[in-house]
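Right, one structure below, let's go through it.
Numbering starts at 1 and runs along the sequence shown. In this text the structure is predicted, and so the values were computed from the model without any measurement.
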Amino acid sequence: MKIFTGYFQPSAGQLYFEGRPVQFRSVSHARSLGIEAVYQDLALVNQLNVYRNMFLQREPVVGGLLGILDEREMRSQAIAVLERMKVRVPSVDVDVARLSGGQRQAVAIARSVYQKARCCCSTNRPPRWASRNPR
């Protein structure tokens with residue numbers, strides 16, 4: 001998975017994306033193509049609420065690079081994504097520590113799906129999936 005998501009470079013073999021050979025330069029490069037991994041540990045911060053976890057390390061800001069977090073945008077987008085995916089949590093304001101294991105998994109997956117959708121929607125392209133070798 002770390003090769004598939006751009007964390008490591010392969011020592012042999014070839015990855016294909018949309019039927020073409022590809023070499024991911026970085027995790028960001030793979031993400032820009034809509035490839036994201038949801039690891040077993042979920043990478044959630046128990047002390048943060050649901051919407052902040054969904055935007056962890058990708059928080060929108062108001063006022064440029066050194067601006068403040070756009071809490072309203074994060075909250076509304078988290079609600080929309082969770083509703084669209086039919087994920088039920090008590091509230092997006094609840095700390096992740098108070099969620100069940102299944103709800104935590106759903107939040108981690110929703111974060112990944114949201115990032116993928118943002119990436120693809122920003123270029124007006126449909127979501128894309130990679131395969132080992134489509135032939």
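In terms of the salt bridge (Lys or Arg N to Asp or Glu O under 4.0 Å) criterion, residue partners of E71 (sequence neighbours excluded) are, by chain and number, R52. D70 meets the side chain to side chain contact (heavy atoms under 4.5 Å, CB included) test with P60, V62, R72, E73; sequence neighbours excluded. Every residue two or more places apart in sequence or in another chain that forms a side chain to side chain contact (heavy atoms under 4.5 Å, CB included) with A106 is listed here: V87. Under the side chain to side chain contact (heavy atoms under 4.5 Å, CB included) criterion, L56 pairs with V45, L48, N53, E59, R111, sequence neighbours left out. With sequence neighbours excluded, the residues that form a side chain to side chain contact (heavy atoms under 4.5 Å, CB included) with I79 are R75, E83, V92.
Here Y7 contributes atom OH and S26 contributes atom OG; the two are 12.5 Å apart, rounded to the nearest 0.5 Å. The CD1 atom of I109 lies 14.5 Å from the CZ atom of R104; values are rounded to the nearest 0.5 Å. Separation of atoms CD1 (I35) and CZ (F17) is listed at 5.0 Å; rounding is to 0.5 Å. Between atom CZ of residue F24 and atom CZ of residue F8 there is a gap of 15.5 Å, rounded to the nearest 0.5 Å. One finds the CD atom of Q23 at 9.5 Å from the NE2 atom of H29 (value rounded to the nearest 0.5 Å). Within the model, atoms CG of L42 and CD of Q105 stand 6.0 Å from one another, a figure rounded to the nearest 0.5 Å.
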* Asked: Does the side-chain contact (heavy atoms from CB on, under 4.5 Å) test come out yes or no for M74 and M54, once each step is laid out?
  -> CA-CA 8 Å; M74 288 190 291; M54 286 187 63; over 6 Å; no

* To do: Could you walk me through whether L15 and F4 pass side-chain contact (heavy atoms from CB on, under 4.5 Å), step by step?
  => CA-CA 8 Å; L15 294 175; F4 192 60; 4.1 Å; yes

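What you find for G6 and A30 is that their closest heavy atoms are N-CB, 4.2 Å.
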Tabulate below the donor-acceptor pairs under 3.5 Å that side-chain atoms of residues 94-101 make, not counting sequence neighbours, or state none.
unit_1	atom_1	unit_2	atom_2	d
S100	OG	Q103	N	3.2
S100	OG	Q103	OE1	3.3

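V61 and I68 end up in different hydrophobic clusters when Ile, Leu, Val, Met, Phe, Trp and Tyr side chains are linked at under 4.5 Å.
Using a 4.5 Å heavy-atom cutoff, the side chains of V50 and D93 are not in contact.
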